[in-house]
Amino acid sequence: MMTARPGYPGPYRRTGRVPAAAVLATALVLPLAGPAAADGEKVKLPVVPARLEAGDPCTGGSAARATAVPWEQQNLQLARTWEFGAGKGVKVAVVDTGVSDRAPALAGRVSAVGGAGTDCVGHGTFVAGLIAAARADEVRVAGVAQESRIVAVRGTDERGAATAASVADGIRAATDAGAKVIQVSPALAASSAGLDAAVTYAASHDALIVAAATPDPVRVSGGREPEPPRDYWPASAPGVLSVVDVDSRGTRPAGAPTTHGADLAAPGDGVVGIAPRGRGHFIGSGASFAAGYAAGAAALVRSAHPELSAAETARRLVRTAYPADVPGLDPYAAVTSVQDPAAHPRAARDDSVVLPPGNGSEGATRRALWIAVAGGSLALLVAWAALIAPRGRSRGWRPANRSRAASTPGH
């Protein structure tokens, strides 16, 4: 069964296993946007690899550019959030395959530890772009915290293979480089004394580790049965903010790795990111990308609220998240909330709101809008009681969690 972890208190409820999606084996087709795009014109984006096999060439640029606002940026309400800050002054380390310091969207904002300023695989650069990529020309693909600085740290070998020792070294190097947020892409089947010590070392230096709750999905042949849920590291270590990936519907398509629990859910299925060089884009799926979005949100919080510790930042991200089986990341609420989230639980989602089409988010929905019931008027309450509630009951609607509804102001 998959449930939220108890490490960072939030509006959790227990549920059955959540299905997960298979990785995109072929390029995804997205609509273009902007003045130069013809009506109905499409662009195909290549899939970014998680690792390279022996003999594979390094990942190059992409000839395709996605100019529309991706569904994940709309889902997270990033345009609205940027009105309140963009992560200025915060160093975010990416422990991955390296981050190319030649990626135009990250120009001038990448400092590398050792040889991590090159990225043969392209995965680390993609993740760094989700965190901090700047918009260029008419392209509206952008990172969560565009004014943050990226610390490139290699937590794998040059082909993308990770071990407990390589990830532990990466976490320590990121901490020593002064990163206050450390995104970790590898999700390992087992920990080690060295990895546990590295996590503790980061915590002692007030650095928040944001880690993928599961490995990125890989293509398999022969119809192999998916593995049962299990714990992965460093995501399962105490004090680490564990993040699982969801699609535009808030679910995980069948076939991806599963785990026993996670602290947050964030977009990670079919997300758009940058290439290690050039101005083109790739598409990717996996929890590492969800962790990238959460790390970017952590940078926003640490910039807007520098008085918060790493642990307090993590709690704020979870407590301001959308109530769900695993709470859904909400950067806007995390940055702008002025009340104590523990004293004012979030209201339930409104799944009936749909984003307008034609902007690169085909079928994408904004399933998570919350209501500040404390400031609601008597007229709204009367309307709810007189109209909405009876109609909901007539359709057989029932609250998903009666205990939460009973504790929410206005219920």
Side-chain angles (χ1 to χ4, degrees), residues 8 10-11 69-92 94 127-135 140-150 180-183 208 210-212 241-248 250 262-268 271-273 287-306 308 310 312-324 326-339 341 344 346-347 349 353 355 361 364-370 372:
Y8 298 108
V69 179
W71 72 266
E72 57 271 22
Q73 288 182 206
Q74 296 186 65
N75 182 278
L76 296 174
Q77 298 188 83
L78 293 186
R80 187 182 181 198
T81 306
W82 292 330
E83 297 176 7
F84 299 90
K88 186 175 182 179
V90 178
K91 288 184 178 180
V92 183
V94 177
V127 170
L130 300 181
I131 297 169
R135 285 173 288 187
R140 290 180 286 175
V141 175
V144 179
Q146 298 171 44
E147 295 180 12
S148 64
R149 299 190 62 85
I150 294 295
K180 289 304 179 184
V181 179
I182 302 174
Q183 188 276 349
L208 173 60
V210 183
L241 190 67
S242 171
V243 189
V244 72
D245 53 314
V246 293
D247 61 19
S248 62
D263 298 309
L264 280 176
V271 300
V272 179
S288 64
F289 306 126
Y293 277 116
L300 294 181
V301 171
R302 301 216 75 172
S303 177
H305 303 281
L308 298 180
E312 289 167 341
T313 298
R315 284 193 290 270
R316 186 179 182 93
L317 287 168
V318 174
R319 285 173 168 167
T320 58
Y322 297 114
V326 177
L329 178 67
D330 182 358
Y332 177 80
V335 170
T336 63
S337 176
V338 295
Q339 295 177 324
H344 301 276
R346 296 288 302 278
R349 302 180 185 217
V353 180
L355 287 173
S361 57
T365 58
R366 181 59 183 158
R367 304 167 321 283
L369 295 179
W370 63 283

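For clarity, every value in this text was computed on a predicted model and none was experimentally measured. Numbering of residues begins at 1 and proceeds along the displayed sequence.
Remark: the backbone N or O of Lys180 is paired with a side-chain donor or acceptor of Arg302 at under 3.5 angstrom. The closest donor-acceptor contact from the side chain of Asp245 to the backbone of Ala290 lies at 3.5 Å or more, if one exists at all. Thr81 places no side-chain N or O within 3.5 Å of a backbone atom of Pro331 that could act as its donor or acceptor partner. In terms of modelled atom types and a separation under 3.5 Å, the side chain of Arg149 and the main chain of Lys91 share no donor-acceptor contact.
Looking only at side-chain heavy atoms (C-beta outward), His305 and Leu308 come within less than 4.5 Å of each other. The shortest distance between side-chain heavy atoms of Trp71 and Pro267 falls below 4.5 Å. Val144 places a side-chain heavy atom less than 4.5 Å from the side chain of Leu300.
What you find for Val92 and Ala299 is that their closest heavy atoms are CG2-CB, 3.7 Å. Closest heavy-atom contact between Val127 and Ser288: CG2-O, 4.3 Å. Nearest heavy-atom pair across Leu241 and Leu317 is CD2-CD1, 3.9 Å. Annotation for Thr320 and Ala333: closest pair O-CB, 3.7 Å, computed over non-hydrogen atoms. Here the shortest heavy-atom pairing between Gly292 and Ile131 reads O-CG1, 3.2 Å. For the pair Trp82 and Gly143, the tightest heavy-atom approach, listed with the atom from each and the gap, is CZ2-O, 3.2 Å.
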From CA spacing to verdict: side chain to side chain contact (heavy atoms under 4.5 Å, CB included), Val141, Gln73: CA-CA 8 Å; Val141 175; Gln73 288 182 206; 4.2 Å; yes

After noting the C-alpha distance and the side-chain angles of Val318 and Leu264, does the key distance pass the side chain to side chain contact (heavy atoms under 4.5 Å, CB included) rule? CA-CA 7 Å; Val318 174; Leu264 280 176; 4.1 Å; yes

Stepwise side chain to side chain contact (heavy atoms under 4.5 Å, CB included) test for Tyr332 and Leu76: CA-CA 8 Å; Tyr332 177 80; Leu76 296 174; over 6 Å; no

Begin from the C-alpha positions of Val210 and Val181 and carry the test side chain to side chain contact (heavy atoms under 4.5 Å, CB included) through to its verdict. CA-CA 7 Å; Val210 183; Val181 179; 4.1 Å; yes

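Considering CD of Glu72 and OG of Ser248, their distance stands at 9.5 Å, rounded to 0.5 Å. Between the OH atom of Tyr322 and the CG atom of Asp330 there is a distance of 3.5 Å, given to the nearest 0.5 Å. Distance check: Leu78 CG to Tyr293 OH gives 7.0 Å after rounding to the nearest 0.5 Å. Atom CD of residue Gln74 and atom CZ of residue Arg140 lie 8.5 Å apart, to the nearest 0.5 angstrom. Separation of atoms CD (Glu312) and CG (Leu208) is listed at 11.5 Å; rounding is to 0.5 Å.
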